[in-house]
Amino acid sequence: RKPVRVALPVAWRADRRPPGWANPHNGAMKTPKRLQPLLEDGLIDTVARQLMSGKEATVFVVRRGEETMCAKVYKEADQRSFRQAVDYTENRKTKNSRQARAMAKGTRFGRQAREEAWQSAEVDALYRLAAAGVRVPRPHNFHEGGLLMELVADADGNAAPRLNDMAFTPEEARALHHGLVREVVRMLCAGVIHGDLSEFNILMGADGPVIIDLPQAVDAAGNNHAERMLERDVANLRTFFGRFAPELLASDYGGEIWSLYAAGALRPDVPLAGVFERPRGAVDLASVQREIEDIRLEEAARLRRLQEADL
């Protein structure tokens, strides 16, 4: 993974350090039930501590020999706050037609299959994006619902903070925004859209930002809502970094990126201007209403994450 060119260290909001700030190399804890299969099958040796608990999963710091990693275990469907909306799961691959029918009918087998597909989507996306050179945690293994992956750390070896827990100078904000827009382009060139990208699921590692949390990732070519999700991801980056560099708020990289993708002209190194002239035409009222509902749900999710961060 190539480091981004950005001045570090950046300014910290010291009163908003993320949960689990202590050094991950200290101590150990009783193995949670969901991690027991990883321990029994020799994939990990010990569980050091819980790193964080979010809307989708709980992440633990684990060790295997001298290596320190993360283990992510997904919460049960009825305990999660993120919607497995049709928008996200549309055209996801299934093992066979029986599984697809069961998922559509919502049978017990279908619910289990949908849950497995939801979890494997992140695993598949991580391997796919890592191979494409996207700045994501390196995946190590996926076993019995537990995802083993790289622990993203800061320069001191501590768990890396989220972007939301940091403050930046205008120069740093512009550099980070530029680098992350490039990561979005690289993801799209690999056929993947994050679908929920924001300052809450980007970690600031020692060598720059790392994108996390991909269970809702969508196939850009096979999802009818891909364009809207891509533009929303890019807009979230614009809004966050625009707090520190207000001139970014006038940019429109999302529309520009998607137009290049739709034309078959998108490449990881394609020049971007951040300007896009949108076609004028009749207003699609249904699309506008859907976008308003998405914004409402995103804001509610953002407030929940802020509350979790303050606990």
Side-chain angles (χ1 to χ4, degrees), residues 1-6 38 43-44 56-57 59 62 64 67-74 88-95 116-153 160 162-163 176 178-198 201-223 226-227 229-230 233-234 237 253-254 257-258 260-272:
R1 194 170 63 211
K2 296 186 297 184
V4 295
R5 298 181 181 277
V6 58
L38 297 176
L43 296 175
I44 62 174
E56 290 299 306
V59 180
V62 298
R64 183 176 60 193
E67 187 177 14
T68 302
M69 300 178 291
C70 278
K72 182 174 185 177
V73 290
Y74 297 89
Y88 292 92
T89 57
E90 180 181 83
N91 283 339
R92 282 191 175 175
K93 294 180 181 178
T94 55
K95 294 180 180 178
E116 291 175 356
W118 181 256
Q119 295 178 11
S120 64
E122 176 164 34
V123 182
D124 294 343
L126 280 175
Y127 277 102
R128 189 172 177 181
L129 295 175
V134 179
R135 294 181 58 82
V136 295
R138 292 189 306 275
H140 292 294
N141 208 326
F142 181 63
H143 181 68
E144 297 289 333
L147 172 60
L148 280 177
M149 56 186 170
E150 170 192 11
L151 172 67
V152 181
R162 298 177 299 179
L163 287 188
L176 286 166
H178 173 79
L180 284 165
V181 166
R182 281 291 163 193
E183 293 304 303
V184 170
V185 170
R186 193 169 285 110
M187 290 175 71
L188 188 54
C189 287
V192 177
I193 296 172
H194 188 286
D196 190 36
L197 189 62
S198 74
N201 43 41
I202 302 174
L203 301 179
M204 196 62 183
D207 61 350
V210 178
I211 296 170
I212 62 171
D213 292 343
L214 289 143
Q216 72 293 316
V218 301
D219 181 352
N223 190 296
E227 178 180 1
M229 293 180 184
L230 182 280
D233 283 354
V234 176
L237 295 176
Y253 285 97
I257 291 168
W258 185 262
L260 290 168
Y261 173 76
L266 190 67
R267 307 182 311 275
D269 60 349
V270 68
L272 296 174

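Not measured: the values here are computed from a predicted model.
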His194 NE2 to Leu188 CG distance, which is reported to the nearest 0.5 Å: 14.0 Å

Tyr74 side chain reached by Leu147 side chain, heavy atoms, under 4.5 Å: yes

Student check: side-chain heavy atoms of Val123 and Pro139 closer than 4.5 Å: no

Contacts of type side chain to side chain donor-acceptor pair (under 3.5 Å), residue Asp213, not counting sequence neighbours: Lys72

Interatomic distance, Asn141 atom CG to Ile44 atom CD1 [nearest 0.5 angstrom]: 11.0 Å

Main-chain N/O of Ile211 paired with Arg135 side-chain donor or acceptor, under 3.5 Å: no

Minimum heavy-atom distance Ala125-Ala217, with the two atoms named: CB-CB, 4.1 Å

Atom pair CD1/CG of Ile193 and Leu230 - distance to nearest 0.5 Å: 4.5 Å

Heavy-atom closest contact (Gly146 atom, Val73 atom, distance): CA-CG1, 4.3 Å

Heavy atoms of other groups near His140 NE2, more than 12 under 6.0 Å: yes

Partner residues of Glu67 under the salt bridge (Lys or Arg N to Asp or Glu O under 4.0 Å) criterion, sequence neighbours left out: Arg64

Side chain to side chain contact (heavy atoms under 4.5 Å, CB included) between Met187 and Leu129, intermediate numbers included: CA-CA 6 Å; Met187 290 175 71; Leu129 295 175; 3.8 Å; yes

CA sep, side-chain torsions, deciding dist, call: Met149, Ile212, side chain to side chain contact (heavy atoms under 4.5 Å, CB included): CA-CA 11 Å; Met149 56 186 170; Ile212 62 171; over 6 Å; no

Interatomic spacing from CZ in Arg138 to CG in Leu148 - rounded to 0.5 Å: 13.0 Å

Atom pair CG/CE of Leu197 and Met229 - distance to nearest 0.5 Å: 13.0 Å

Pairing residues for Arg128 by the side chain to side chain donor-acceptor pair (under 3.5 Å) criterion, not counting sequence neighbours: none

Side-chain donor/acceptor of Asn201 to backbone N/O of Ser198, under 3.5 Å: yes

Where Ala160 and Leu203 come nearest, the two heavy atoms and their spacing: O-CD2, 3.8 Å

Heavy-atom side-chain proximity of Val270 to Arg182 below 4.5 angstrom: yes

Identified side-chain contact (heavy atoms from CB on, under 4.5 Å) partner of Glu183 from the options Val134, Val136, Ile202: Val134

Taking every non-hydrogen atom, the tightest pair across Leu176 and Pro209: CD2-CD, 3.8 Å

Donor-acceptor contact below 3.5 Å, side chain Asp233 vs main chain Gly195: yes

Closest approach of Val152 to Gly205 (non-hydrogen atoms, all atoms of both residues): CG1-CA, 3.9 Å

Rounded distance [0.5 Å steps], CG in Leu163 versus CG in Leu180: 6.5 Å

Nearest non-hydrogen partners of Leu214 and Glu122, listed with the distance: N-OE2, 2.9 Å

Full working for side chain to side chain contact (heavy atoms under 4.5 Å, CB included) between Leu43 and Val62: CA-CA 10 Å; Leu43 296 175; Val62 298; over 6 Å; no

